[in-house]
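This report refers to the structure that appears directly beneath it.
Note that the structure is predicted; figures quoted are calculated from it, not measured. Residue numbers start at 1 and run along the sequence shown.
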Amino acid sequence: MAIYQSGVIFADLDTSISDCWTLESYKKRGGYKALTKILNNKISQEDVIAEVKGSGLRGRGGAGFPTGLKWSFMPRALAGDKYIVCNSDEGEPGTFKDLDIMKYNPHSLIEGMIIAGYAIGAAVGYNYIHGEIFEVYERFEEALDEARKAGFLGKNILNTGFDFELHAHHGYGAYICGEETALLDSLEGKKGQPRFKPPFPASFGLYGRPTTINNTETLASVPFIINDGGAAFQEKGIPNGGGTKLFSISGHVTRPGNYEVPLGTPFSKLLEMAGGMRDGKKMKAVIPGGSSAPVLPADIMMDCNLDYDSIAKAGSMLGSGAVIVMNEDVCMVKALERLAYFYHEESCGQCTPCREGTGWLYEIIHRIEHGEGRDGDLELLDSIGNQMAGRTICALADAAVFPVRSFTKHFREEFEHHIKHKKCLVEHRWC
């Protein structure tokens, strides 16, 4: 069960209420006041973008790019169609925050997308929803219907002359469609595969038109920024990362779930909120930003704050905010084998280094885990990784390499023990 702290997106939201996701409930919490404020007061596009820039909001999907700056790239004066697209694919293992935003607070996302559309000059938006959460897709469609009937979507919104339509698109569960250009191809009805960049989506995106793509959590944060001001949002975080952040904590903790806390919160505090380690076990390792982020040993992670710069300084990435906690009983070879298999299966196959390299990584780690490791295997893994990272159209190859490098760096003795003794170092048992 997801557990929330008072923040920005889930402030004053009681998920135990049976209709917390409805328009009526959202309006009681101040819903659509931000949109009304912009349209009725004729706040300019430039001023909306400036407010978002001043908030310090960074993309919550993984890259952490400044949102207001991204909006400013849109050529608003260019005639013709422009689009705002929400990336709700959320296929990163360990991540489940966007799912709960759409499940419990969908109108915050809808309002955020309408405001974003207004700011960048787009009259149409699309929300690309992960293919394995159909019930959430249905709930979002219900919320869209409520918004249309209330006059927040469609023609002449709130009698201000502003037009904006929003559509939900149900994906099919492909991890690669979390990459923004692969998502665009999928939206167009093509096979979801990454595009070469440049051109970037801001100049050549959906249907060849200028397009801005943001993450679910990013857009759901926008109404607060407009209502309370960018400075108020910034104050909830730290200088290089404004606002609160949703962290999906899973693994060997007592109360896994989503926790919305200020950026810069110590990891030890998040662990305490999640009830600490389950069954009194010791913590061994943490993946702080989703499965593609480098793993960190427990002692390093316990000294970290949860923000972009602190995690990067420790040698990993904040990523999507998916915190995967592993206890002392976890075999790191077996854990890496599972991750390597995932990236091997999810490679779209477009780039040879990724298509072949992910398979080689998995095969070698699989051999090591099953007592067939050879001298030189760890060096071979490193060599293959060097031929993959930075050599493909998108970052999936890098996402496959980062765990391999970090697992073999921080827990090398376990891999060496597997290779030499053909069995696991954890409890000295056979894997």
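Taking the six-membered ring wherever Trp is involved, the centroid distance between the rings of Tyr126 and His169 does not fall below 6.0 Å. Ring pair Tyr175/Tyr343: centre-to-centre distance below 6.0 Å. Checked against the 6.0 Å centroid threshold, Tyr259 and Phe247 do not count as a close aromatic pair. Between Phe162 and Tyr118, the ring centre distance stays below 6.0 Å. You'll find the ring centres of Tyr137 and Phe134 inside the 6.0 Å limit.
When every heavy atom of Gly275 is checked against every heavy atom of Thr254, the shortest pair comes out as O-OG1, 3.1 Å. Nearest heavy atoms, Asn87 versus Asn215: O-ND2, 3.6 Å. Taking all atoms of both residues into account, the shortest heavy-atom contact from Pro201 to Thr181 is CG-CG2, 4.2 Å. In terms of heavy-atom proximity, Gly357 sits nearest to Ile384 at O-CG2, 4.1 Å. The minimum heavy-atom distance between Arg255 and Ile249, with the atom names listed, is O-CG2, 4.5 Å. Looking at every heavy atom in both residues, Ile176 comes nearest to Ala182 through O-CB, 3.3 Å.
Residues Glu24 and Lys28 are paired through a salt bridge, judged by an N-O separation under 4.0 Å between the basic side chain and the carboxylate. For the pair Asp185 and Lys191, the salt-bridge criterion is not met [side-chain N within less than 4.0 Å of a carboxylate O]. A salt bridge is absent between Glu260 and Lys97: the closest approach of a Lys/Arg side-chain nitrogen to an acidic carboxylate oxygen does not fall below 4.0 angstrom. Lys155 and Glu165 are not joined by a salt bridge, as no carboxylate oxygen comes within less than 4.0 angstrom of a charged side-chain nitrogen. Looking at Lys313 and Asp309, no side-chain N of the basic residue comes within less than 4.0 Å of a carboxylate O on the acidic one, giving no salt bridge.
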Candidate pair Val330 and His252, rule side chain to side chain contact (heavy atoms under 4.5 Å, CB included), full reasoning: CA-CA 10 Å; Val330 172; His252 299 122; 3.4 Å; yes
Criterion side chain to side chain contact (heavy atoms under 4.5 Å, CB included) on Phe10 and Asn105, from CA distance to verdict: CA-CA 8 Å; Phe10 287 105; Asn105 202 16; 4.2 Å; yes
Stepwise side chain to side chain contact (heavy atoms under 4.5 Å, CB included) test for Trp360 and His344: CA-CA 9 Å; Trp360 292 341; His344 169 49; over 6 Å; no
Derivation and outcome, salt bridge (charged side-chain N to carboxylate O under 4.0 Å, His left out), residues Lys103 and Glu135: CA-CA 9 Å; Lys103 183 176 181 180; Glu135 69 282 1; over 6 Å; no
Stepwise side chain to side chain donor-acceptor pair (under 3.5 Å) test for Arg405 and Asn386: CA-CA 10 Å; Arg405 285 178 174 170; Asn386 290 337; 2.9 Å; yes
Full working for side chain to side chain contact (heavy atoms under 4.5 Å, CB included) between Ile311 and Cys304: CA-CA 7 Å; Ile311 298 297; Cys304 284; 4.0 Å; yes
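Remark: Phe402 CZ to Ser316 OG distance equals 9.5 Å, nearest 0.5 Å. In this structure, CE in Met301 is found 8.0 Å from CG in Leu270, a value given to the nearest 0.5 Å. Between atom CZ of residue Phe140 and atom CD1 of residue Ile133 there is a gap of 11.0 Å, rounded to the nearest 0.5 Å. Between Leu166 atom CG and Leu144 atom CG the span is 5.0 Å, to the nearest 0.5 Å. Interatomic distance, Thr408 OG1 to Leu336 CG, rounded to the nearest 0.5 Å: 7.5 Å. Taking CD of Glu138 as the reference point, atom CE of Met102 lies at 13.0 Å (rounded to 0.5 Å).
Put simply, the side chain of Lys70 gets close to the backbone of Ile213: a donor and an acceptor are under 3.5 Å apart. Remark: the backbone N or O of Asp98 is paired with a side-chain donor or acceptor of Glu90 at under 3.5 angstrom. The backbone N or O of Gly161 lies less than 3.5 Å from a partner atom in the side chain of Asn156, making a donor-acceptor pair. Between the Glu146 side chain and the Leu23 main chain, a donor and an acceptor come within less than 3.5 Å of each other. Side chain of Thr160 to backbone of Ile157: a donor-acceptor contact under 3.5 angstrom is found. One N or O on the side chain of Asn227 and one on the backbone of Ala34 form a donor-acceptor pair closer than 3.5 Å. Glu92 places a side-chain N or O within donor-acceptor distance of the main-chain N or O of Ser292, the cut-off being under 3.5 Å. A donor-acceptor pair under 3.5 Å links the side-chain atoms of Ser406 to the main chain of Val295, judged by distance alone. Formation of a donor-acceptor pair under 3.5 Å by the Lys33 side chain with backbone atoms of Arg29 is not found in this model. Without hydrogens or angle criteria, Glu217 side chain to Leu246 main chain gives a donor-acceptor distance under 3.5 Å.
Proximity of Met277 to Val325: side-chain heavy atoms (C-beta onward) are separated by under 4.5 Å at one or more points. The shortest distance between side-chain heavy atoms of Lys284 and Pro297 does not fall below 4.5 Å. Side-chain contact between Pro294 and Met317 is present, with at least one heavy-atom pair separated by less than 4.5 Å. Looking at Thr358 and Met388, their side chains come closer than 4.5 Å, going by heavy atoms from C-beta outward. Within the 4.5 Å cutoff, side-chain heavy atoms of Thr211 are placed close to those of Leu184. Within the 4.5 Å cutoff, the side chain of Tyr83 has heavy atoms near those of the Tyr207 side chain. Using a 4.5 Å heavy-atom cutoff, the side chains of Leu78 and Arg209 are in contact. Cys331 is listed as a side-chain neighbour of Glu369, based on a closest heavy-atom distance under 4.5 Å.
More than 12 heavy atoms of other residues, nucleotides or ligands lie within 6.0 Å of NZ in Lys37, so this atom counts as buried by the packing criterion.
With 3.5 Å as the limit, one finds no donor-acceptor pair spanning the side chains of Thr95 and Ser248. Defined by atom type and a distance below 3.5 Å, a donor-acceptor pair is present between the side-chain atoms of Asn127 and Ser88.
Listed by first then second residue, pairs satisfying ring-ring contact (aromatic ring centres under 6.0 Å, His included) with a partner in residues 16-58 read Tyr26-Tyr32, Tyr26-His107, Tyr32-His107, Tyr32-Phe152, not counting sequence neighbours.
Qualifying salt bridge (Lys or Arg N to Asp or Glu O under 4.0 Å) partners for Lys197, counting only residues two or more places apart in sequence or in other chains: Glu179, Glu180.
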In residues 60-68, what donor-acceptor pairs under 3.5 Å come from side-chain atoms, sequence neighbours left out?
| from | atom 1 | to | atom 2 | distance (Å) |
| --- | --- | --- | --- | --- |
| Arg60 | NH1 | Arg58 | O | 3.1 |
| Arg60 | NH1 | Tyr308 | OH | 3.3 |
| Arg60 | NH2 | Gly242 | O | 2.9 |
| Arg60 | NH2 | Thr244 | O | 2.9 |
| Thr67 | OG1 | Leu57 | O | 3.3 |

